[in-house]
Amino acid sequence: MNQDQLKRRVAAAALEHVQHDEILGVGTGSTVNALIDLLHENRIPLQACVSSSEATTARLQGYGYEVVDLNSSGPLELYIDGADECDPHRRLIKGGGGALTREKIIAAASRQFICIVDDTKQVDILGRFPLPVEVIPMARSQVARQLVELGGEPVWREGFVTDNGNWILDVHRLSIVDPVGMEQQINGMVGVVTVGLFAERSADRVLVGSTSGVSEY
Ligand code: 5RP
């Protein structure tokens with residue numbers, strides 16, 4: 001089974017948690033794209049979706065799903081999203097697709113956050129995947145210098161602009177032994193919009209797709 005097949009397998013398992021006619025929070029990325037395809041293929045009726053990116057919105061609307069603003073939906077029962085890394089405590093690195101800020105907002109507004117990954121994303125200590133940090137463009141160098149002081153190697157994702165009009169620094173070589181502390185520290189830097197560490201608000205459930213099936217923790 002290749003990685004795309006594992007993504008579809010774990011997405012199919014997540015489908016079982018979706019209630020008909022609810023307003024569903026929908027994340028971003030290829031694993032979530034598999035979920036959206038399966039929602040459509042299985043004709044799952046939804047009242048509407050709250051989307052974490054323009055790309056997700058376009059895919060949902062292409063299948064005829066209504067996408068509403070979080071301001072009008074209010075708090076959500078369920079948010080489903082992928083991740084770039086997850087640790088045994090369900091803490092995550094997200095933002096490989098650059099949608100981390102909207103993803104974090106929807107996660108904060110949701111009673112339940114189910115994260116769907118294939119088993120290549122599991123790590124004991126977060127940080128092998130470069131940590132995305134969304135910054136206000138004029139603060140890029142200023143924030144990068146502070147990230148170097150933390151021991152990281154920030155690399156500007158040149159040419160990429162987030163849906164919010166900002167830039168991304170991908171921070172390499174961090175060994176994140178205190179994810180909550182690091183999340184607070186980086187979020188506290190002036191000019192940082194969001195760091196892609198989901199530790200304070202971790203996932204409530206992680207579904208992991210592997211060749212032997214789907215496990216959950
Ligand atoms: C986007 C994300 C994605 O969830 C993450 O990058 C995983 O993507 P994929 O499912 O394509 O592996 O955080 O900002």
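Whatever order the structure lists ligands and atoms in, that order sets their numbers, starting from 1.
- At least one donor-acceptor pair closer than 3.5 Å links the side chain of Asp118 to the backbone N or O of Thr120.
- Below 30°, between 30° and 60°, or above 60°: for Tyr79 and Phe113 the angle between ring planes is between 30° and 60°, a tilted geometry.
- Inspection of the Gln184 and Glu200 side chains reveals an N or O donor paired with an N or O acceptor under 3.5 Å.
- In this structure, ligand 1 sits under 4.0 Å from heavy atoms belonging to Lys7, Thr28, Gly29, Ser30, Thr31, Asp81, Gly82, Ala83, Asp84, Lys94, Gly95, Gly96, Gly97, Gly98, Ala99, Glu103, Lys121.
- Listed by first then second residue, pairs satisfying side-chain hydrogen bond (donor to acceptor under 3.5 Å, both in side chains) with a partner in residues 92-109 read Glu54-Arg102, Asp81-Lys94, Lys94-Glu103, Thr101-Glu134, Thr101-Thr194, Arg102-Asn164, Lys104-Glu183, not counting sequence neighbours.
- In this structure, Asp163 has no salt bridge (Lys or Arg N to Asp or Glu O under 4.0 Å) partners at least two apart in sequence or on a different chain.
- Take Asp119 and apply the salt bridge (Lys or Arg N to Asp or Glu O under 4.0 Å) test, not counting sequence neighbours, and it matches no residue.
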